[in-house]
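Note sheet for the following structure.
Computation of the quantities below employed the complete heavy-atom set of this structure, encompassing side-chain atoms and omitting hydrogens, waters and symmetry-equivalent molecules.
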Amino acid sequence: MQVAYHQEKLIFLPSCEREIWQQLYMASIRQEVTCIHCHSPLRMELSILQPPSFIHLHPTKECMNATMMLENKMKETSKKEDQRTEEQSSAGFQLPKRRSITTSSIDEPEIWKKPEEVRAIPPFENNSKQMTGDIHSYRRMLMEHGIFLDHNQWKAVQTTEGPLLILAGAGSGKTRVLTTRTAYMLTEQNYSPKEMILVTFTAKAAKEMKERMRLYPGLESRTLNQLMIGTFHSIFYKMLMHHEPEKWAPTNLLKQDWLRQAMIKEAGREIDLDEKDFAFDQALTQISWWKNHLLSPEHVKAKDVWEERVVYLYKRYEQMRLAKNAFDFDDMLLGLYDLLNHNDLLLKRYQQRFSYVSVDEYQDINKVQVELITMLSDRTKNLCVVGDDDQSIYAFRGSDPSYILNFKEHYPQTKMVVLAENYRSTHEIVSSANNVIHINRDRYSKQLLAQTSSNHPPLLFYPYDEEEEATMIVTDMKKKIEAGAQPSDFAVLFRTNTSARALIERFVSSSIPFQLDADGESFYRRKAVRKILAFLRLGINPDDSQALSDLIGALFLKQQTLQEVKAASITNDCSYVDALPFIQGLKPFQTKKLETLPAKFKQLKSKKPIDAITFIEQEMGFNEYVKKQGSEGNKMERGSDDVRDLKVAAKLHSTIGEFLDYIDHMTIKYEELRNQKSYSDSAQLMTIHRAKGLEYKHVYILSAVEGGLPHDYALEAWREGDDKPLEEERRLMYVAMTRAEKSLHISVPIMRRGKKAFRSRFVREIQRMAPKQSFATSSRERNLPNERINNDSRN
């Protein structure tokens with residue numbers, strides 16, 4: 001059905017403005033949209049595959065006939081208006097042309113656009129090969145236990161001596177190779193477990209490897225218990241504890257972020273940094289980055305005012321930490337680095353002890369980790385590293401793909417194996433991912449090859465904005481679940497937590513069980529958003545103490561002024577808002593501004609939320625505050641962007657009171673989601689970074705537009721001549737795409753943050769077929785041949 005009644009008005013979807021579709025959808029949930037004949041509630045459906053429509057839950061023949069007659073009449077009227085417009089245009093003047101829902105044009109954001117399948121996909125070739133000839137007895141035994149290895153995987157397993165680089169593409173079975181290689185060395189080659197060390201990046205990966213190895217034939221628990229498998233921090237911390245137990249006692253560990261934040265906030269007060277306005281969390285991230293790059297405060301060269309402030313915080317943080325004999329997680333690695341650097345005898349002992357070193361996820365390694373691994377393996381050069389330069393996505397933590405790209409330069413005797421067979425995704429998904437990643441210049445030349453084909457290419461769909469995007473995904477997911485899928489089959493991936501605001505809210509209102517895997521506070525607790533909401537709350541209640549506290553910084557006042565306002569409120573028997581002009585000791589321009597605020601606050605109450613926010617920005621000085629604050633060093637998320645996101649949410653509400661009640665409800669729900677236990681059968685909502693290493697049958701990727709994915713900060717760096725961030729964004733897209741097993745849906749919104757959006761360059765790249773690439777060469781060595789793997793024996 002295309003017609004309905006809403007608020008006593010006739011709605012005809014083909015001529016309805018696109019931006020109100022989501023409002024109609026929300027109204028239909030509240031049963032405010034009704035049938036034109038029987039006046040019973042209709043449900044509006046916004047889906048990925050079909051144009052919007054109204055669904056009559058209990059239609060009668062009379063309802064359908066009346067609806068059909070009216071639809072035909074309105075279509076005929078629309079056609080006549082189009083003809084009249086054309087006639088008027090030919091007569092010398094032109095009126096705006098009525099848009100039809102059947103017209104498909106990306107230049108007309110009101111129009112529903114049919115989703116597109118990715119077509120740039122080469123013919124599928126079955127790459128599975130039957131094993132012929134003699135099969136190694138150990139490999140045959142593994143097959144009997146359900147452990148199968150392809151040709152290159154088996155090569156990697158048998159290569160046990162010297163430096164080995166295993167380039168393991170997404171879904172290529174790298175964990176199986178690492179565990180099988182270790183089992184092979186222990187059982188077939190009789191290596192001692194005491195001389196081997198296997199380093200991972202997460203405790204989860206270490207646990208998974210230990211559990212898998214218990215399934216291998218011939219491996220006794222006693223042998224596995226002697227094998228050292230763990231994360232960088234767990235292994236190296238044990239070494240520190242063994243040699244300097246008092247200095248590195250667990251009780252001295254700054255385990256919680258709030259402990260570290262408390263220290264730098266104390267330092268911040270020394271240079272008059274406002275606790276509510278300065279990005280202390282970002283400062284901690286920057287300090288960690290410097291530490292992992294072996295940069296002490298004295299060796300950091302600040303690039304701007306923000307970094308100058310963070311350098312001061314770093315210096316004071318180190319002084320406070322040392323005064324308390326405390327240490328953080330970064331200090332564990334730095335501590336061992338210093339210990340081994342200054343104790344040659346101890347270093348030689350560990351080099352003797354760990355003759356065979358293996359490192360998982362080597363593309364994620366940082367400088368201090370590289371230095372430690374190099375030191376430990378320097379005697380034997382028996383270093384096996386497994387990774388994929390195309391999945392290096394943690395630059396913000398200090399990782400750099402150059403370490404894996406330059407591995408052969410540091411170890412000229414390196415043998416290399418490429419694992420290019422993807423056992424996770426369909427040919428259509430793998431080929432689309434290849435189309436994107438091959439554009440990167442700083443990478444090894446390689447292509448993934450899928451084992452299966454489904455004839456279901458990835459789908460590009462075109463919602464109007466973030467709100468409609470979320471609704472379409474939830475609707476599509478519900479239909480798939482009704483058809484037999486399980487909630488745990490689904491994942492929705494996004495670039496940043498803030499870009500998922502609408503998605504989270506739609507899931508909260510849905511019946512789909514879901515799990516939110518995200519850091520940080522609710523969107524509505526972000527600095528700029530919180531201050532805008534403080535304006536709104538004080539407009540409703542001029543004595544809201546918490547709102548006044550949140551707002552002080554945006555009025556260019558210090559936090560201690562809060563007590564003066566409260567005192568002036570008592571002295572003058574007035575509200576907090578009316579007491580603002582009575583503050584003493586301010587500069588004349590500040591006093592003049594505060595004098596005008598009470599009257600402006602009174603005007604807010606009667607405005608619609610979207611109009612009130614614009615009024616706060618333009619008339620109450622908030623734009624000046626955002627401009628002065630800038631991004632506070634946080635290149636990823638800006639206050640002005642947050643306000644635009646808030647405006648998108650505000651459009652769906654008619655009163656400030658209703659909007660604030662909705663926000664309070666969603667804020668509570670967000671905290672509940674963060675604290676709830678994980679459920680096995682639930683859809684997963686997470687950032688792309690958190691999805692790395694995981695896989696799902698059905699994957700949705702949010703906001704594939706310029707500024708979303710790739711992120712704005714990467715585009716700015718690219719314009720300034722630095723393309724490394726943009727290449728990392730492309731790797732993020734590649735990682736997101738290769739999480740999907742069976743279906744992949746990529747959202748390309750027409751509007752983003754209230755402005756016209758442009759489809760991501762990655763979306764354009766998906767539609768251009770990647771050329772076939774040779775394996776095992778990097779951008780630095782295109783002419784070097786792949787190296788043969790010799791099955792060296794231990795002797």
Side-chain angles (χ1 to χ4, degrees), residues 4-9 11 16-17 19-34 41-44 46 464-471 474 498 500-511 521-526 528-548 550-551 575 577 600-620 622 642-673 751 753-754:
Y5 274 125
H6 174 56
Q7 295 180 344
E8 300 182 355
K9 292 181 181 179
I11 302 295
C16 184
E17 291 185 0
E19 64 180 337
I20 70 168
W21 286 3
Q22 182 65 33
Q23 296 175 36
L24 287 172
Y25 171 82
M26 301 297 285
S28 75
I29 292 176
R30 298 191 297 268
Q31 298 190 338
E32 296 172 2
V33 177
T34 60
L42 302 181
R43 189 187 77 217
M44 185 176 178
L46 280 171
Y464 177 70
D465 62 4
E466 302 90 330
E467 298 288 346
E468 194 177 288
E469 174 184 61
T471 298
V474 168
T498 52
R501 175 202 57 78
L503 180 80
I504 295 168
E505 292 170 11
R506 205 68 70 250
F507 267 87
V508 166
S509 302
S510 78
S511 57
E521 294 181 309
S522 160
F523 167 79
Y524 298 109
R525 296 302 301 161
R526 293 180 60 77
V529 174
R530 191 174 67 244
K531 292 185 184 303
I532 287 284
L533 296 180
F535 276 103
L536 296 179
R537 294 185 193 281
L538 286 168
I540 299 292
N541 176 13
D543 279 319
D544 190 322
S545 178
Q546 182 58 54
L548 182 64
D550 288 339
L551 189 61
S575 68
V577 167
K600 291 178 179 178
F601 270 109
K602 288 181 175 64
Q603 295 179 53
L604 283 179
K605 191 172 184 178
S606 60
K607 294 181 180 292
K608 289 185 176 181
I610 182 65
D611 297 329
I613 295 172
T614 301
F615 184 79
I616 290 166
E617 287 181 295
Q618 298 176 358
E619 303 296 330
M620 300 184 76
F622 192 75
D642 288 343
V643 175
R644 286 199 290 271
D645 282 333
L646 184 65
K647 285 182 175 180
V648 174
K651 284 183 179 180
L652 300 179
H653 302 273
S654 55
T655 68
I656 291 177
E658 173 200 330
F659 186 38
L660 292 176
D661 287 344
Y662 174 82
I663 287 171
D664 291 340
H665 173 67
M666 286 300 168
T667 303
I668 293 171
K669 285 292 183 181
Y670 185 88
E671 291 304 315
E672 291 176 357
L673 287 169
M751 303 289 287
R753 290 174 169 162

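The two atoms that bring A612 and L536 nearest to each other are CB-CD2, 3.7 Å, heavy atoms only.
For the salt bridge (charged side-chain N to carboxylate O under 4.0 Å, His left out) test, no residue two or more places apart in sequence or in another chain qualifies with K607. The salt bridge (charged side-chain N to carboxylate O under 4.0 Å, His left out) search around K602 returns D578, not counting sequence neighbours.
Looking at L538, L533, I532 one by one, the single match for side-chain contact (heavy atoms from CB on, under 4.5 Å) with L551 turns out to be L538. Among E467, E469, E466, the single residue meeting the side chain to side chain donor-acceptor pair (under 3.5 Å) criterion with R506 is E467.
A side-chain donor from one of Y662 and E505 sits under 3.5 Å from a side-chain acceptor of the other.
D465 contributes a side-chain N or O that, together with a main-chain N or O of E468, makes up a donor-acceptor pair within less than 3.5 Å. Checked by atom type and distance alone, the side chain of K669 never pairs as donor or acceptor with a backbone atom of V508 at under 3.5 Å. In this structure, R753 contributes its side chain and D645 its backbone to no donor-acceptor pair below 3.5 Å.
Once rounded to the nearest 0.5 Å, the distance linking CD1 of I613 with CG of L646 reads 4.0 Å. Rounded to the nearest 0.5 Å, atoms CE (M666) and CG (D661) are 12.0 Å apart.
Taking the six-membered ring where tryptophan is involved, the planes of F659 and H653 are tilted, since the angle between them lies from 30° to 60°.
Under 4.0 Å is where a charged nitrogen must lie from a carboxylate oxygen, and between K531 and D550 no such pair does. No salt bridge links D544 with R537; every basic N to acidic carboxylate O contact stays at or beyond 4.0 Å. With respect to the salt-bridge test (charged N to carboxylate O, under 4.0 angstrom), the residues K647 and E617 qualify.
Around NZ of K605, the count of heavy atoms belonging to other residues, nucleotides or ligands within 6.0 Å does not exceed 12.
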